[in-house]
Protein chains: 2
Amino acid sequence: MTKINDTVTTRGQAVLEALRDLVLGGRLAPGTRLNEIELSQRLGVSRTPVRAALTALATQDLIEYTPNSGYSIRAYSARDLENVFEVRATLEGLANRQAAEAGFSPESEARVDDILDSTAALVAGGEWSAEICDRWVALNIAFHQAINRAAGNQRLLTLLERSPVPFIYAVRYQWFTLDIVSKAQDDHVEMASVIKNRQVGRAEAIGREHIYRTTRPLIEKCRELERLQQQEGCAIADLLQPLRTADDSGESRRALLGFGA
Amino acid sequence: MTKINDTVTTRGQAVLEALRDLVLGGRLAPGTRLNEIELSQRLGVSRTPVRAALTALATQDLIEYTPNSGYSIRAYSARDLENVFEVRATLEGLANRQAAEAGFSPESEARVDDILDSTAALVAGGEWSAEICDRWVALNIAFHQAINRAAGNQRLLTLLERSPVPFIYAVRYQWFTLDIVSKAQDDHVEMASVIKNRQVGRAEAIGREHIYRTTRPLIEKCRELERLQQQEGCAIADLLQPLRTADDSGESRRALLGFGA
DNA sequence: GCTCACCTTATTGTATCCAATCATGCTATC
DNA sequence: GATAGCATGATTGGATACAATAAGGTGAGC
């Protein structure tokens, strides 16, 4: 079994990264218990750093904790997702506004333009594969990160980066089609433009709307699935079902940890 | 030395509460190191639950963590405070909007009205003492909590309740004067009214503005102090200085823990 | 045959021990 | 006299042993 990467500061930190990837990967069904002993054995460490990582993940609401019972993968209902995205939309709106207030630094502006060029090229290519999708997802994260950083609000940045949107990574091959990504590209171009022109009010509105636009169909899909089944949480488990068995070799970091299917 | 309250589920949870109160209490100067051994001895437990609590607090950004060095009380610059309150204002705006969208339940409405009656009575009394201030602070928290709950967004509620505004508790005697509280009362009345009338847009704007209004003077004060001294962080330490020696018998829970001056 | 109680076992919670790391202060050398 | 290197102490990081709790199964009694 592969050991963890020990170039990181402490084992606890490394385990935290590993378990975060595991949880966000979406391979584990809601309710799955995270056994401390099993995890520590898989990662080649003792229970101590595993417990530290689990504590941190539970504090971030990425997993559930029940005293004397342990940690488990939490279920997301369509309502939960809606709430998560509503908060995120609001916070990204704030980030865009503050970025517009502050204006881009020359470096930020260059970076944003670079990213937009890259994503434009991907979209214009007309091809769409798992590999290209992964490239686009990385660029998409980089784009939002660049804007969120430009806002110059450390508190906001921390909240946005520490609350990754669950399932987005997991469902990306199903979700980010060329059509969706093309619309996102238009949004991104407008976001950058509005910030450059320091249009504060529009920046907030567009930043917020961009999140609503891109996530609403996902929520609708979950809601539909929930209607078909009565049980809460199961809806999303099903949405992810195809992924739990799919090939995932592209994700090097998680694969490195021995968490393959 | 007083032991921790063991009616709570696990020692780890109890220690977390205790340390959270300690940190939010504002008695410890920025940079103060949180020695695991010392804390465990004070609380009458081993280092293990202390470490769990410290991990959680660091994850919530209430304390700072440096690998192989430990945990310490973080400093807040005026800029930090501004960022924290900007995020909070935005989130409370969202809460008010969602509350207006959903409307009050009969119970929520009754509770909000009760609280408004109580705070109105305090303000109308014309007297202002530490004791009355404490009563008002508790009611103020209850008011915002009631509205935030009425929004029906669990995610949002968690973020708001897990990110208590630092220093508010610490500086409350200096800060919440009869004048300030009286203005807050007007805001609260309007917030409740607008939600009752389901005026969604105004609810968001007023909720947001209420936070800006009540916190901006605090930020200005910090900024002024920072101008006087060059060092960052020290400003707020000074703002709190009088409190570090002040009598604090009103805070039963923290006093219970043996963290007196 | 069903239910309740007890016991067993698996897993978490806590304490303690050892290792690793960092900071401090001293000494020696330039 | 100043600086670099080393040694020593204090503190954190990690592992392990032990205690407590919860869940599940088995047995006996009704």
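No experiment lies behind these values; they were computed from the predicted model shown. Numbers restart at 1 for each chain; the letters A, B, ... are given by sequence-line order, proteins then strands.
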- line: B:L39 atom CG is separated from D:dT11 atom C1', nearest whole Å, by 13 Å
- request: For B:R74, enumerate each residue passing the side chain to side chain donor-acceptor pair (under 3.5 Å) test, keeping only those at least two apart in sequence or located in another chain.
  value: none
- request: Could you tell me whether the side chain of B:D114 and the main chain of B:R111 form a donor-acceptor pair under 3.5 Å?
  value: no
message: Rounding to an integer number of Å, can you tell me how far B:L16 CG sits from C:dT14 P?
response: 12 Å
query: Do any pairs count as a salt bridge (Lys or Arg N to Asp or Glu O under 4.0 Å) and have a residue in residues 146-160 of chain A, sequence neighbours left out, and if so which ones?
result: A:R149-A:E161
message: For D:dT12 and B:R33 - does any side-chain N or O of the residue sit under 4.0 Å from the phosphate oxygens OP1/OP2?
response: yes
query: Residues in side chain to side chain contact (heavy atoms under 4.5 Å, CB included) with A:E107, at least two apart?
result: A:S105
field: Expected output: side-chain A:S108 to main-chain A:F104 donor-acceptor under 3.5 Å
entry: no
query: Just by modelled atom types, is the B:S77 backbone N or O under 3.5 Å from a matching donor or acceptor in the B:D80 side chain?
result: yes
task: Describe the nucleic acid contact of B:Y65 in one word from base, sugar-phosphate, nothing, applying a heavy-atom distance below 4.0 Å.
output: sugar-phosphate
- prompt: Between B:E224 and B:R227, does at least one N-O distance fall below 4.0 Å, as a salt bridge requires?
  reply: no
- prompt: Starting at CG of A:L43 and ending at C1' of D:dG14, how long is that distance when rounded to a whole Å?
  reply: 14 Å
message: Expressed as a whole number of angstroms, how long is the span from A:Q41:CD to C:dA10:C1'?
response: 13 Å
message: Output the rounded distance in Å from CG (A:N35) to C1' (C:dT12).
response: 9 Å
DNA chain D contacts made by residues 50-61 of chain A, counting heavy atoms under 4.0 Å: none
- prompt: Starting at CD of B:E38 and ending at C1' of D:dT12, how long is that distance when rounded to a whole Å?
  reply: 15 Å
- prompt: Stepwise, does the side chain to side chain contact (heavy atoms under 4.5 Å, CB included) test hold for A:I168 with A:V137?
  reply: CA-CA 9 Å; A:I168 282 294; A:V137 165; 5.8 Å; no
- prompt: Can you give one letter per nucleotide of nucleotides 16-22 of chain D, 5' to 3': B if a protein heavy atom sits under 4.0 Å from the base, S if only from the sugar-phosphate, - if neither?
  reply: BB---SS
message: Without decimals, in angstroms, what is the distance between B:Q13 CD and C:dG13 P?
response: 9 Å
message: What is the separation between atom CD1 on A:I37 and atom C1' on C:dA10, rounded to the nearest whole Å?
response: 8 Å
statement: Residue pairs meeting side chain to side chain donor-acceptor pair (under 3.5 Å), one or both in residues 56-71 of chain B, sequence neighbours left out, come to B:R20-B:Q60
